[in-house]
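Quick note: numbers below take in every heavy atom, side chains included, and nothing from hydrogens, waters or symmetry partners. Chain A is the first sequence line, chain B the second, and so forth, proteins listed ahead of strands; every chain is numbered from 1.
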2 protein chains.
Amino acid sequence: MTKKEDEKQEYAEVPPKKHPEQEPEPRPRRERKGNADMRRRQLVAATLDSVAKNGLARTTLATVAGEAGLSQGVLVFYFKSKGGLLAAALHAKYARYQEIWQAALDAAGPDPLNKLLAVVEADFTPELCDPEALATWFAFWGEHRFTPQYAEIAEEFDANRMARLTEVCLDLTRQNGGAEDASRAAQMVLWIDTFTDGLWQKLHLNPQGFTRETALSLALEFVHDVIVPRTER
Amino acid sequence: MTKKEDEKQEYAEVPPKKHPEQEPEPRPRRERKGNADMRRRQLVAATLDSVAKNGLARTTLATVAGEAGLSQGVLVFYFKSKGGLLAAALHAKYARYQEIWQAALDAAGPDPLNKLLAVVEADFTPELCDPEALATWFAFWGEHRFTPQYAEIAEEFDANRMARLTEVCLDLTRQNGGAEDASRAAQMVLWIDTFTDGLWQKLHLNPQGFTRETALSLALEFVHDVIVPRTER
DNA sequence: AATTTTTGATTGAGCGCTCAAAATAACTTT
DNA sequence: AAAGTTATTTTGAGCGCTCAATCAAAAATT
């Protein structure tokens, strides 16, 4: 059917916010100067909003349509099924995540340690550590095994992230150890990613008593105390 | 339908399997020497089987009843709602987990490092790292934020685990550092738990290319290389 | 006038849950 | 022990409801 739903996304600005309790306006006067892609992005954003607010189990075509201020029919028109819509939403979620850490990486200058710290720090920005945002990740991850499409999307983005992180860590070993050490770099990436994943999980499961700031400082401390020493001969 | 029911729980032995297309057998001859608790355990086990196999989204009263070889009505009879059944299943899942790591802890002898290693190792037994078992955790965790009952259950068990682990780590600092250091012990527990949580996540999201054995050796290496040095003055 | 986009009533499947009746077990009386 | 009585457990058809998906018609755009 459809192979490529969408690529990286700079969200469509969400147009008319519907106030659900309001009386039906006679003419919604819908501006549609945008093309199909913009509408798709709007609907995907509405989907993510619904998942963040209601969870996957209580996200229906009706909740998404309500969030977008459009009818259910239009969802099926642009994405052929609810499954396609959810897959597109997960793709957009990963794309946004990639956008964030890549921007941090690009802004970090040439020093590999700075690069690594920038990427780690990006994992704990307010946008990513928002409880609803985390809940969305876990909602999808909870269905990973039963929806292979989700796993494919994750793998695609994860491979890229791992590759870029490995480059950085390879630079780090090259700088500090003299000779580059691929296996050591690979393990460093694994350790960092494992630790930050664990911190996300703690933030998700125990949001009170474990703040974003705590997680961030733990992650940075981990890099300094555990990763950096491993780059030195 | 059912291939291997389960072994560790002492279920009521499941009565005769019903073949739906077959003519009605004259006497199903249901032995019910068990009491209500045994039936409850059987139904909870069937629930976990269904979640492991189908995920939370596709687990219905019908799938659970089918797994148990009983009717849907009996589920509502013993647990008043589907929600109550799922909560009981999550509770049982946590209870089994606690059983496993506590047994490892009790069997580990007096040395605190041995205790710590035993608990960490227990996290990576085949039973716990089975893909379906991991998927079950993540299925429930994906709904945590939208089902406060799940969060309450998790907190109850997690608090106990943290307390016991902290005792062990406190012993460790006492032994290696001379004076006990509560804040350091607390951080050690946090680090270990974060890291093992992250490993579980990697096992769940990337089951091929990341084996149980790999995760176990990474966890043990983490304790030796990161945790142990932190206990020494 | 032709095309694209949107609507919303409708359909049919599947869901949780109810409940009267049946089956079984437990208890009492003979 | 046997029969009769009560209590408990199990069934499964069915109710009301929600859901994803359909589709003919309407609206908006080209």
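Taking five base pairs at each end of the helix from C/dA1-D/dT30 to C/dT30-D/dA1 and finding the rotation axis that steps the C1' atoms of four pairs onto the next four gives two axes whose angle is 10°, to the nearest 10°.
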Open item on the list: Go through it in stages, so that I can follow the logic: the residues are B/W200 and B/L128, the test is side chain to side chain contact (heavy atoms under 4.5 Å, CB included), and I'd like the CA-CA distance, side-chain angles, deciding distance and then a yes or no.
Closed with: CA-CA 9 Å; B/W200 270 16; B/L128 290 176; 4.3 Å; yes
Open item on the list: With side chain to side chain contact (heavy atoms under 4.5 Å, CB included) as the criterion, how do A/R58 and A/K53 come out once you've worked through the C-alpha distance, each side chain's angles and the decisive distance to 0.1 Å?
Closed with: CA-CA 9 Å; A/R58 281 175 213 149; A/K53 190 188 295 177; over 6 Å; no
TODO: Determine, stepwise, if the pair A/F77 / A/L70 fulfils side chain to side chain contact (heavy atoms under 4.5 Å, CB included).
DONE: CA-CA 12 Å; A/F77 178 76; A/L70 294 170; over 6 Å; no
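Between the C1' atom of D/dT18 and the CG atom of A/N54 lies a distance of 15 Å, rounded to the nearest Å. The CD-C1' distance, from A/Q72 to C/dT5, rounds to 17 Å in whole Å. Across the protein-nucleic acid pair, B/F79 atom CZ and D/dT10 atom P stand 12 Å apart, rounded to whole Å. In this structure, B/L75 places its CG atom 10 Å from P of D/dT11, rounding to the nearest Å. The CZ atom of A/R40 sits 11 Å away from the P atom of C/dT6 (whole-angstrom rounding). Rounded to an integer number of Å, the gap from B/N35 CG to D/dA7 C1' is 16 Å. Going from atom NZ of B/K80 over to atom C1' of C/dC19 covers 18 Å, rounded to whole Å. Look at CZ on A/F77: it is 5 Å from P on C/dT5, rounded to the nearest Å.
Out of D/dT10, C/dT6, D/dA21, the shortest distance to the side chain of A/V74 is found at C/dT6. The side chain of B/S81 sits closest to C/dC17 out of C/dC17, C/dT7, D/dA21. Listed candidates were D/dT10, D/dA21, C/dT6. Nearest to the side chain of B/Y78 is D/dT10. Checking C/dT5, C/dT18, D/dG12 against every side-chain atom of B/S71, the shortest atom distance belongs to D/dG12.
Aromatic rings of A/W191 and B/F222 (six-membered ring for Trp) have centroids within the 6.0 Å cut-off, being under it.
With B/Y94 as the partner, the ring pair (Phe, Tyr, Trp, His ring centres under 6.0 Å) test is satisfied by one option alone out of B/Y150, B/W141, B/F157: B/F157.
To the nearest 0.5 Å, the span separating CG on A/N54 from CG on A/D49 amounts to 10.0 Å. Note that the OG1 atom of B/T214 and the NZ atom of B/K202 stand 12.5 Å from one another [nearest 0.5 Å].
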Collect all protein-nucleotide pairs involving nucleotides 10-15 of chain C in which both atoms are nitrogen or oxygen and the distance is under 3.5 Å.
none

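Remark: side-chain polar atoms of B/K82 are not paired, donor with acceptor, to backbone N or O of B/L75 under 3.5 angstrom.
Here side chain to side chain donor-acceptor pair (under 3.5 Å) pairs that include residues 155-168 of chain B, with residues two or more places apart or in two chains, are B/Y97-B/R161, B/Q98-B/N160, B/D123-B/R161, B/R161-B/D193.
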